Amino acid sequence: MRKSLVALLLFTLGSTFAVQAAEEAKPFITSQELDLTQYLPAPPTDDSAQTKAELKELLEIQATRTPEQEKAAIADAEENVWRFANVMGPDFDAAKLPKTAALFERIVATEDVVDDHAKKAFNRPRPYMLDEQIHPLLKKSKSGSWPSGHSTIGYLMATVLGEMVPEKRNELFTRAAGYAENRLVAGFHYRSDTVMSRTGAALIAQKMTEQPDFKTEFDAAKAELRAQLGLK
């Protein structure tokens, strides 16, 4: 009886994992199609004047950040397009926008695999790895700091949303800049990590839009989103 239960449990778990794997968003491109290490410069060295100045800036931010800023930085640790709802309005809701949700899940997956390759190659230590005085607001990550993945996805989402709803492009990029700034508030990145992410996001956006499946999904999501927002 016990063996049967164990076998059933293993089968159920295996089936669950198989379903989850099948449902994982497929990136539009990978680091094979776009190797950021071929386009981005190497980060400042750990003992450089720039890194020391950036660590000093982070300590100043840490000393002056308010509870409201801390709350916002923690909330922005979430990597999804719905963090732009304060720009897009109350109708910008995942339940109402399945095509838009699916498109941006694939965009997040794309940024993840492309940036992950670059992070591993550049291998810049996180700020708290160099200075123990920096106390991050989130669970520490050991992945590379250059470029900032969160900042990259923020600028990438703003780029795509700006193409879908150009009426809000300026507001979207302002929000993306705030999303990136919150990586400094959280003590997770140097400023130069977030600045370099703008270049990374532009490169990913350009390569991604060259893919036929992206164009198909983008057009459908754009029509859905504009209809939901009451835009012609």
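Note that the coordinates shown come from a computational prediction; the quantities given were computed from them, not determined experimentally. In this chain, numbering begins with 1 at the start of the sequence shown.
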Do [X] and [Y] have side-chain heavy atoms sitting under 4.5 Å apart?
X: T30; Y: V114; result: no
X: K215; Y: P212; result: no
X: D115; Y: P147; result: yes
X: L156; Y: T110; result: no
X: R106; Y: P27; result: no
X: Y190; Y: L130; result: yes

Using every non-hydrogen atom in the two residues, find where [X] and [Y] come nearest and quote the distance to one decimal.
X: V185; Y: A73; answer: CG1-CB, 3.8 Å
X: A42; Y: F122; answer: CA-CE2, 3.8 Å
X: R65; Y: G187; answer: NH1-N, 4.5 Å
X: A85; Y: F92; answer: CA-CD2, 3.8 Å

Starting from the C-alpha separation in whole Å, work towards a yes-or-no answer on side-chain hydrogen bond (donor to acceptor under 3.5 Å, both in side chains) for D46 and T51. CA-CA 6 Å; D46 297 350; T51 294; 5.5 Å; no
Given side chain to side chain contact (heavy atoms under 4.5 Å, CB included), test E54 with L184 step by step and report yes or no. CA-CA 10 Å; E54 290 186 295; L184 277 68; over 6 Å; no
Indicate, with yes or no, if [Y] and [X] share a hydrophobic cluster defined by side-chain heavy-atom contacts under 4.5 Å among Ile, Leu, Val, Met, Phe, Trp and Tyr.
X: V195; Y: L55; result: no
X: M129; Y: L138; result: yes
X: W146; Y: L58; result: no
X: I74; Y: Y179; result: no

Under a 3.5 Å cutoff, is there a donor and acceptor pairing between the side chains of T174 and E171?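 Side chains of T174 and E171: no pair found under 3.5 Å.
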Hey, what do you get for [atom1] ([X]) to [atom2] ([Y]), rounding to the nearest 0.5 Å?
X: T64; Y: L59; atom1: OG1; atom2: CG; result: 10.5 Å
X: E217; Y: L103; atom1: CD; atom2: CG; result: 6.0 Å
X: Q228; Y: M88; atom1: CD; atom2: CE; result: 10.5 Å
X: N86; Y: R83; atom1: CG; atom2: CZ; result: 7.5 Å
X: D112; Y: I107; atom1: CG; atom2: CD1; result: 13.5 Å
X: N182; Y: H189; atom1: CG; atom2: NE2; result: 12.0 Å

Check against salt bridge (Lys or Arg N to Asp or Glu O under 4.0 Å), R226 and E167: CA-CA 11 Å; R226 292 188 68 82; E167 298 91 332; 2.7 Å; yes
Carboxylate-amine/guanidinium contact E105 K26, below 4.0 Å: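 Salt bridge absent between E105 and K26.
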Salt bridge (Lys or Arg N to Asp or Glu O under 4.0 Å) assessment of K99 paired with E224: CA-CA 7 Å; K99 293 176 182 178; E224 174 190 70; 5.6 Å; no
Test R191 against E181 for salt bridge (Lys or Arg N to Asp or Glu O under 4.0 Å), laying out the working first. CA-CA 8 Å; R191 184 169 297 282; E181 186 71 17; 2.9 Å; yes
Assess whether atom [atom1] of [X] is packed by more than 12 heavy atoms of other residues, nucleotides or ligands within 6.0 Å.
X: K96; atom1: NZ; result: yes
X: Q32; atom1: CD; result: no
X: N80; atom1: CG; result: yes

When you look at D93 and W82, which way does the side chain to side chain contact (heavy atoms under 4.5 Å, CB included) test go after all the steps? CA-CA 7 Å; D93 181 270; W82 314 111; 5.7 Å; no
Qualifying ring-ring contact (aromatic ring centres under 6.0 Å, His included) pairs, either residue in residues 24-70, two or more places apart: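 Every ring-ring contact (aromatic ring centres under 6.0 Å, His included) pair that includes a residue of residues 24-70, provided the two are not neighbours, is F28-F214.
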Worked verdict on Q211 versus D213 for side-chain hydrogen bond (donor to acceptor under 3.5 Å, both in side chains): CA-CA 6 Å; Q211 311 309 309; D213 56 338; over 6 Å; no
Check: [Y] main-chain N/O paired with [X] side-chain donor or acceptor under 3.5 Å:
X: D131; Y: Y128; answer: no
X: Q62; Y: H135; answer: yes
X: K168; Y: V87; answer: yes
X: R124; Y: K119; answer: no
X: H150; Y: A180; answer: no
X: E163; Y: V160; answer: no

Could you walk me through whether M164 and F218 pass the side chain to side chain contact (heavy atoms under 4.5 Å, CB included) check? CA-CA 8 Å; M164 300 168 87; F218 172 86; 3.2 Å; yes
Check the pair I153 / F104 against side chain to side chain contact (heavy atoms under 4.5 Å, CB included), numbers first and verdict last. CA-CA 10 Å; I153 192 59; F104 280 95; over 6 Å; no
Distance-only donor-acceptor pairs under 3.5 Å for side chains of residues 200-210, two or more places apart:
unit_1 : atom_1 : unit_2 : atom_2 : d
T209   : OG1    : A205   : O      : 3.1
T209   : OG1    : Q206   : O      : 2.8

The single option from S197, S148, S145 passing side chain to side chain contact (heavy atoms under 4.5 Å, CB included) against R183: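 Only one option passes, and that is S148.
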Examine R126 relative to F188 and say whether NZ or CZ is less than 6.0 Å from the centre of the six-membered ring and inside a 45° cone about the ring axis.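 No - R126 does not lie over the ring of F188 by the 6.0 Å and 45° rule.
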Share the residues that join Y155 in a hydrophobic cluster, the rule being Ile, Leu, Val, Met, Phe, Trp or Tyr side chains under 4.5 Å apart at the heavy-atom level.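 Its cluster partners, ordered by chain and number, are F173.
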